[in-house]
Amino acid sequence: MKSLRRPLCFMVGRDSTDWLPTAFRTHTLGDIAISGSDLVGHEVTVAGHAEISRGRGGVCFLTLRDGTGRLQAFLKKDALDEDIFLSIQSISRESTVQITGNVAEKRPPKVPEGEPIPPPEYEIFATSAQILSEAQTPLPVGITDKVHVELDTRLDNRHLDLRRSHINAMFQLRSKVLSYGREHLLKEGFQEINTPKIIASASEGGTNLFAMTYFETPAFLSQSPQLYKQLAILGGLERVFEIGPAFRAEEHDTYRHLNEFISFDIEMAWADDEDVMGVQERMIHHIWSQVATRDQNLIDIINEYRISQEMEAIAVIVPNLPFPRVSYDDAIEIIQSKGGEIEWGDDISASDADLIAEEHPGFHFIPRWPMEMKPFYIYHNKDEKGATGEQLSRGFDLNYGRDEMTSGGQREHRVDFLEQNLRDMGLNPEDFSFYTDGFRFGAAPHAGWGLGVARLLMVLTGAGNVREVVLFPRDRSRVTP
RNA sequence: GCCCCGAUGGUGUAGUGGCCUAUCAUGCAGCCCUGUCGAGGCUGCGACCCGGGUUCAAAUCCCGGUCGGGGCGCCA
């Protein structure tokens with residue numbers, strides 16, 4: 001690991017080498033940090049936030065940061081307008097500045113005896129400068145401070161929190177994860193869809209919905225794209241996925257729940273639960289291996305912060321395929337053998353999941369749940385019975401350690417079973433006719449899953465709370481910012 | 001929704017009835033330093049969540065409120 005004495009101030013988190021110039025800059029800071037050797041002697045214009053201004057008298061070292069990286073500007077009193085020099089010498093942190101100057105190699109820092117001299121870094125020797133916007137002092141949360149800041153304070157000031165390098169890196173990773181996931185699904189023939197988020201009635205039952213008024217009609221925010229993605233499959237779209245919001249009016253308050261979250265859903269025709277578990281593990285494997293080979297710089301930035309806070313560094317360990325399958329029957333057995341108090345037919349609680357995680361710390365599927373614990377749209381084979389003779393379903397979960405990432409399954413495509421399941425769960429099939437009608441004219445057997453994007457990100461980034469990896473999280477007590 | 005815990009400068013903290021005119025770090029302001037880079041040195045600034053109560057005396061104890069944290073349930 002890199003020495004803490006030399007934080008990687010100029011670490012680059014984003015490849016911006018092919019970004020086009022804009023009205024405010026010819027190059028990004030990250031670009032110059034990477035391509036500095038080709039740019040030495042060239043005049044460039046850059047813009048960014050003033051991270052710190054050091055030096056007095058006739059010199060000033062201004063560390064600038066934009067969304068791509070950091071770079072030092074070197075200002076000499078006799079090389080530019082004196083008033084501007086003085087105002088930048090005493091500029092407040094986070095003010096935005098535009099600098100024009102020539103790229104030069106930095107003088108190497110003094111290093112303690114015996115330590116290697118670091119590779120060359122680059123700076124801009126300023127010939128002109130302009131303050132674009134001054135920052136008030138003090139900042140409500142420090143961008144480069146070493147002091148810990150609580151999540152609640154950070155979320156109240158998310159616009160500043162996002163400027164912190166490791167937070168920026170986490171959100172870049174979020175974008176990468178979605179992009180690699182899309183990339184994989186498109187390769188397997190899936191097409192991206194969007195389903196309505198304003199709905200007339202419960203789409204699954206179970207959780208509470210947020211009520212709203214749709215002109216003169218009562219309506220709800222969708223808790224899941226479930227029924228609509230199935231209708232897309234029944235309509236012959238073969239393989240679909242959606243990355244979109246889901247809303248649940250549950251008053252839960254944990255590190256892994258939000259009332260608005262992004263669900264990554266797929267649905268696949270002519271497939272059973274095993275088929276879509278395959279899609280999922282291949283997709284996750286693709287995401288992990290892409291991040292491991294292409295985005296180690298982002299992981300490094302996160303680790304730089306974690307180490308400074310005396311937290312354990314994270315590593316992207318590409319999981320082996322296939323993921324272990326721990327059937328519900330097996331899970332009950334494992335929990336019981338470890339002294340957990342659980343009976344067949346009980347839900348697997350968090351402390352039970354801890355016991356399973358002792359044997360399967362990484363990704364693992366838990367297939368074949370009892371039918372009575374699964375929603376009405378989950379399929380069952382009549383002759384598949386659990387350890388106590390109860391009906392099993394083709395529903396599954398994907399867990400990482402103790403945390404549930406996904407729930408999915410083969411869907412019930414036989415309309416008479418579907419209606420019976422609804423009745424068994426105390427629901428009226430007539431209320432679901434918009435859905436069940438889709439099954440009356442020849443239905444393709446199909447399967448799918450829904451994955452919590454923030455939960456997956458939590459695993460990848462080492463975040464201890466889904467709120468960390470959601471830009472503006474919505475929980476029981478937070479609706480702003 | 002249930003159970004536990006907490007609230008002190010901008011931020012993060014120390015504090016267990018009188019040693020509190022409240023600790024430390026960071027920040028902010030000012031001064032010194034013409035190659036800094038975890039910059040350094042010096043001088044300042046800035047806080048006990050709100051309302052009630054107990055007590056000679058409350059940051060500290062009690063009650064209520066508000067806000068927050070952890071765990072659980074439920075789920076993704």
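So you know, we letter chains A, B, ... as the sequences are listed, proteins then strands, and number each from 1. Everything numeric here is computed off the predicted structure, so don't read it as measured data.
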Taking the six-membered ring for Trp and the single ring otherwise, decide whether the centroids of A:F74 and A:F61 are under 6.0 Å apart.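 Centroid separation for A:F74 and A:F61: below 6.0 Å.
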
Would you say the rings of A:Y377 and A:Y435 are close, in the sense that their centroids are separated by under 6.0 Å? no

Counting Watson-Crick and G-U wobble pairs only, both distances under 3.5 Å, name the nucleotide matched with [N], or none.
N: B:G68; value: B:C5
N: B:C31; value: B:G41
N: B:C24; value: B:G12
N: B:U54; value: none

Any ion pair linking A:R325 and A:E274 (charged N to carboxylate O, less than 4.0 Å)? yes

Interatomic distance where [atom1] belongs to [X] and [atom2] belongs to [N] [whole Å]:
X: A:R174; N: B:A76; atom1: CZ; atom2: P; value: 17 Å
X: A:D145; N: B:G9; atom1: CG; atom2: C1'; value: 14 Å
X: A:N259; N: B:C74; atom1: CG; atom2: C1'; value: 12 Å
X: A:W369; N: B:A76; atom1: CH2; atom2: P; value: 10 Å
X: A:K76; N: B:U36; atom1: NZ; atom2: P; value: 13 Å
X: A:L209; N: B:C74; atom1: CG; atom2: C1'; value: 14 Å
X: A:D347; N: B:C72; atom1: CG; atom2: C1'; value: 13 Å
X: A:Q309; N: B:A25; atom1: CD; atom2: C1'; value: 12 Å

How long is the gap from CZ on A:R467 to CG on A:D475, to the nearest 0.5 Å? 4.0 Å

Polar side-chain contact [X]-[N] base: donor and acceptor under 3.5 Å:
X: A:R478; N: B:C67; result: no
X: A:E251; N: B:G73; result: no
X: A:R248; N: B:A76; result: yes
X: A:E150; N: B:U11; result: no
X: A:H252; N: B:C74; result: no

Does A:R256 offer a backbone N or O that forms a donor-acceptor pair with the side chain of A:R455 under 3.5 Å?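 At least one qualifying donor-acceptor pair exists.
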
Measure from the side-chain heavy atoms of A:E123 and tell me the nearest of B:C75, B:G35, B:U11. B:G35

What's the closest nucleotide to the side chain of A:P140 if the choices are B:A76, B:A39, B:G10?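 Among the listed nucleotides, the one closest to the side chain of A:P140 is B:G10.
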
Taking any heavy-atom pair under 4.0 Å as a contact, classify [X]: base, sugar-phosphate, or nothing.
X: A:D253; result: base
X: A:G142; result: nothing
X: A:T254; result: base

On RNA chain B, does the nearest nucleotide to A:S92 precede the nearest nucleotide to A:H148 from the 5' side, or the other way round? Give the residue.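 Between the two, 5'-proximity favours A:H148.
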
Identify, between A:S351 and A:L258, the residue whose nearest nucleotide on RNA chain B lies closer to the 5' end. A:S351

For a quick test of reading the model: is some side-chain N or O of [X] closer than 4.0 Å to OP1 or OP2 of [N]?
X: A:S407; N: B:A76; result: yes
X: A:R402; N: B:C75; result: no
X: A:R93; N: B:G27; result: yes

Under 5.5 Å between ring centres and under 30° between planes: does that hold for A:F61 against the base of B:G35? no

